[in-house]
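Here is the structure we will look at.
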Amino acid sequence: MSDTSELLTASATRLFETRLTEEAVRASRRGDFTADGWAAVEDAGLPLALLSEGEGGYGIAMAEALDLVRISGYFGSPLPLAETMLANLFLARAGLPLAEGPATIASFDCAGKAQQVPWARHAQTIVGIREGTIVRLSADQLSVRPDFSACGLPRDAVFLVHSDAEATAPSPMDVREAGALARILEMAGALRRVAELTLAYANERVQFGRPIAKQQAIQQQLATLASQAAAADAAADFAALAFGGGHASSAIAAAKSRAGEAVGIGAAIAHQVHGAIGFTEEHRLHLYTRALWAWRDEFGNEAYWETQLGDTVLSAGADAFWPHLTGIQVHATEA
Amino acid sequence: MRLKFPPAPQSNAAEELRAEVRAFLAEELAGVSALIKARSWNGFDAAFSRKVGERGWIGMTWPKRYGGHERRNSERYVVLEEMLSAGAPVAAHWIADRQSGPLLLKFGTEEQKQTVLPRIAAGEGFACIGMSEPDAGSDLASIRTRAELIDGGFRINGTKLWTTLAHHAHYMVLFCRTSGTPADRHNGTSQLLIDLSAPGITIRPIVDLAGEHHFNEVHFEDVQVPDTALIGTMGQGWHQVMSELAYERSGPERYLSSMALLVELIRALGSSPAREARIAIGRLSAHLLVLRHMSRSVAWMLEKGEDAALHATIVKDLGALFEQEIPDVARRLVSAEPDDPATQSFCTVLAYTVANVPAFSLRGGTREILRGIIARGLGLR
Ligand SMILES: Cc1cc2nc3c(=O)[nH]c(=O)nc-3n(C[C@H](O)[C@H](O)[C@H](O)COP(=O)(O)OP(=O)(O)OC[C@H]3O[C@@H](n4cnc5c(N)ncnc54)[C@H](O)[C@@H]3O)c2cc1C
């Protein structure tokens with residue numbers, strides 16, 4: 001990892017730990033925006049992490065910059081950091097001015113409507129994609145109808161009111177792929193958090209005179225949870241390292257499917273081990289598990305991406321199966 | 001608690017080697033049936049192993065003075081995964097290349113290294129693992145096989161069980177007790193290098209449920225071996241056998257055992273598969289891609305000299321789930337008639353794989369034992 005990446009991930013971690021605590025996460029689940037937290041995120045320069053130096057970023061490897069999204073997920077993603085990082089990437093690649101303030105990306109239909117746009121009500125800049133063209137929009141060009149994701153995060157409907165957008169260009173990337181990539185990384189981070197919470201709880205909770213973590217049945221469940229979290233983390237690496245390269249679509253498809261599956265298995269174990277307390281509003285476990293359940297469905301669920309990947313593999317045919325898969329291979333970024 | 005699987009760096013040498021191995025296998029395996037390929041690392045073919053040895057693809061990472069080739073672990077990994085995915089009959093040299101050779105390299109005497117390793121690397125010396133016994137399965141420390149110290153050597157009595165390849169192998173790495181009693185557990189155990197032609201050794205076949213003979217019972221009755229048979233240090237057997245198990249658990253064979261079936265499944269699905277088949281193939285491919293990424297990471301950690309035991313255990317556990325699930329997925333997607341030529345080979349490979357998958361979460365450490373190791377890695381025990 002480069003020094004710049006290390007600095008960035010360290011300052012992001014510190015920032016989330018100190019400025020974006022559980023209160024901010026709970027606020028985001030009501031659709032609220034922690035403005036002072038966002039100011040700190042901007043001060044730390046996090047929204048520019050995916051950009052090259054020429055584009056106004058730091059020139060760190062894409063996969064390393066994407067670690068910030070994983071960190072955000074670990075802390076419950078209380079702010080549109082992933083969305084703003086990606087919006088800036090889209091804008092920079094299209095040669096358009098970067099976002100001002102929090103931003104998001106929306107896919108518009110021909111009637112000028114975009115559905116299920118994360119964080120739209122709080123976004124100052126919206127990257128609109130319409131028929132393969134990218135438009136840079138500001139909040140006053142849109143009307144937003146607030147809605148909520150399955151875990152209570154803002155996920156709004158957006159309508160274009162003034163389409164006299166000043167800046168348009170061909171879209172440099174696929175919105176669904178980029179969005180899926182963000183959710184993969186957030187899932188990897190949040191599932192790791194869930195594993196940590198569960199491990200800690202199992203060591204604390206005493207029944208039958210000893211911590212439940214001493215029961216072999218619980219140990220085997222925790223081993224499975226840790227393995228699934230590790231698989232989701234590896235899947236996220238795989239997708240992040242492939243991003244921007246020739247095999248990005250297949251790698252993202254594989255990772256969204258695998259991470260989604262890991263979430264299903266892992267979150268179920270976490271709740272089982274937590275018992276009734278984990279089923280309460282008061283306990284923080286749901287801040288992560290409900291987000292995980294929402295994220296695995298957003299930007300294409302497992303079946304969607306499995307169909308994509310399955311079609312590619314099937315069209316290559318039985319004898320090309322292995323050569324095809326080994327071709328989808330990623331490498332560590334140069335140190 | 002982040003169990004990070006560090007991605008391997010790019011290696012052009014490894015990719016060139018991949019092309020070489022593929023060309024070799026295309027020639028060697030031309031016309032071989034899907035059922036034979038499904039045997040994969042159970043497939044025994046001494047002549048094939050000799051050819052692999054001639055190519056320099058056994059003992060690849062070992063020093064040249066012991067017949068090795070001083071190549072990188074990432075290159076060795078490419079050879080392994082290409083052999084397995086193609087269904088090459090690698091059983092003869094597999095165990096020796098994977099664990100017996102590396103164990104000797106690490107703990108063996110100079111004489112053992114000079115006499116045995118070059119034979120293994122040539123694809124001519126085969127080895128088997130003498131760990132399990134009738135009363136010592138998961139609880140390996142409870143072994144009863146005893147090597148008594150006698151003048152100039154050892155006298156061995158006892159029975160090893162489930163010994164894969166013993167009927168073809170030249171050597172066994174024997175894990176046995178050299179002092180104390182089974183109650184002493186880890187203390188008083190040692191490893192010996194056994195020449196299986198020694199008098200007093202009886203090898204009885206055990207036929208598995210698929211009707212094949214791979215494993216054996218190996219009985220030792222007053223078998224005398226010289227003291228040069230000792231591997232490493234007397235009394236350090238437990239410590240040594242644990243590092244042998246780390247070699248045993250770390251490779252790509254722990255998730256590729258059902259590859260032949262997956263390939264035949266794709267063939268049987270034909271040109272216009274139903275939606276559920278497209279989803280299922282995509283899901284299995286996603287698993288395979290991520291497992292391979294994790295498994296290559298283990299190989300890379302080992303190349304760097306890092307301890308990858310916990311990572312390897314996770315890959316083996318996840319890998320066995322994947323290998324065992326493939327037949328279950330496959331049989332629901334193809335309505336196969338054994339008499340229909342279009343699905344005949346799918347049917348035979350399916351039947352073979354269904355009968356073999358129970359072993360995948362037993363051999364090399366059971367699922368429960370692996371999860372116990374992961375739990376220990378999490379600090380739970
Ligand atoms: C195909 C095949 C090839 C093999 N080849 C070799 C070989 O070449 N050399 C060799 O030495 N051995 C070999 N083995 C043996 C293998 O290592 C053992 O099968 C394995 O260690 C398990 O031992 P066991 O079969 O006696 O089962 P047991 O140990 O009796 O286990 C039975 C069940 O109890 C569970 N169990 C046991 N202890 C615990 C515990 N503490 N907590 C929870 N559950 C537990 C196990 O997980 C398993 O489900 C082979 C096995 C197979 C199937």
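Here the structure is a predicted model, which is why all the values come from computation and not from measurement.
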Show every ring pair (Phe, Tyr, Trp, His ring centres under 6.0 Å) that has at least one partner inside residues 293-333 of chain B, sequence neighbours left out.
A:F238-B:H293, B:F5-B:H311
Heavy atoms only: give me the nearest A:A318-B:V263 pair and the separation to one decimal.
CB-O, 3.4 Å
Interchain contact, B:I373 with chain A, by part (heavy-atom threshold 4.5 Å):
neither
Check whether B:L318 gets within reach of chain A through its side chain, its backbone, both or neither, counting any heavy atom under 4.5 Å.
side chain
So, the side chain of A:K214 versus the backbone of B:R381: is there a donor-acceptor pair under 3.5 Å, distance only?
no
Over 12 non-hydrogen atoms of neighbours within 6.0 angstrom of CD in A:Q272:
no
Please check this pair: side chain of A:E306 against backbone of B:I281, looking for a donor-acceptor N/O pair closer than 3.5 Å.
no
When you look at B:R371 and A:L222, which way does the side-chain contact (heavy atoms from CB on, under 4.5 Å) test go after all the steps?
CA-CA 9 Å; B:R371 292 187 181 169; A:L222 292 172; over 6 Å; no
Does anything in residues 260-268 of chain A get under 4.5 Å of chain B by heavy atoms, and if so which residues?
A:E261
Select one option (side chain, backbone, both, neither) describing which atoms of B:R283 are under 4.5 Å from chain A's heavy atoms.
both
Which bit of B:L256 is near chain A, if near means a heavy-atom gap under 4.5 Å: side chain, backbone, both or neither?
side chain
When the 4.5 angstrom heavy-atom criterion is applied to A:I218 and chain B, the contacting part is neither
So, the part of B:L269 with a heavy atom under 4.5 Å from chain A: the answer is side chain
Between B:R376, B:E81, B:E276, B:E264, which has the largest tally of heavy atom pairs under 4.5 Å with chain A?
B:E81
Proximal component of B:I279, with respect to chain A [non-hydrogen, under 4.5 Å]:
both
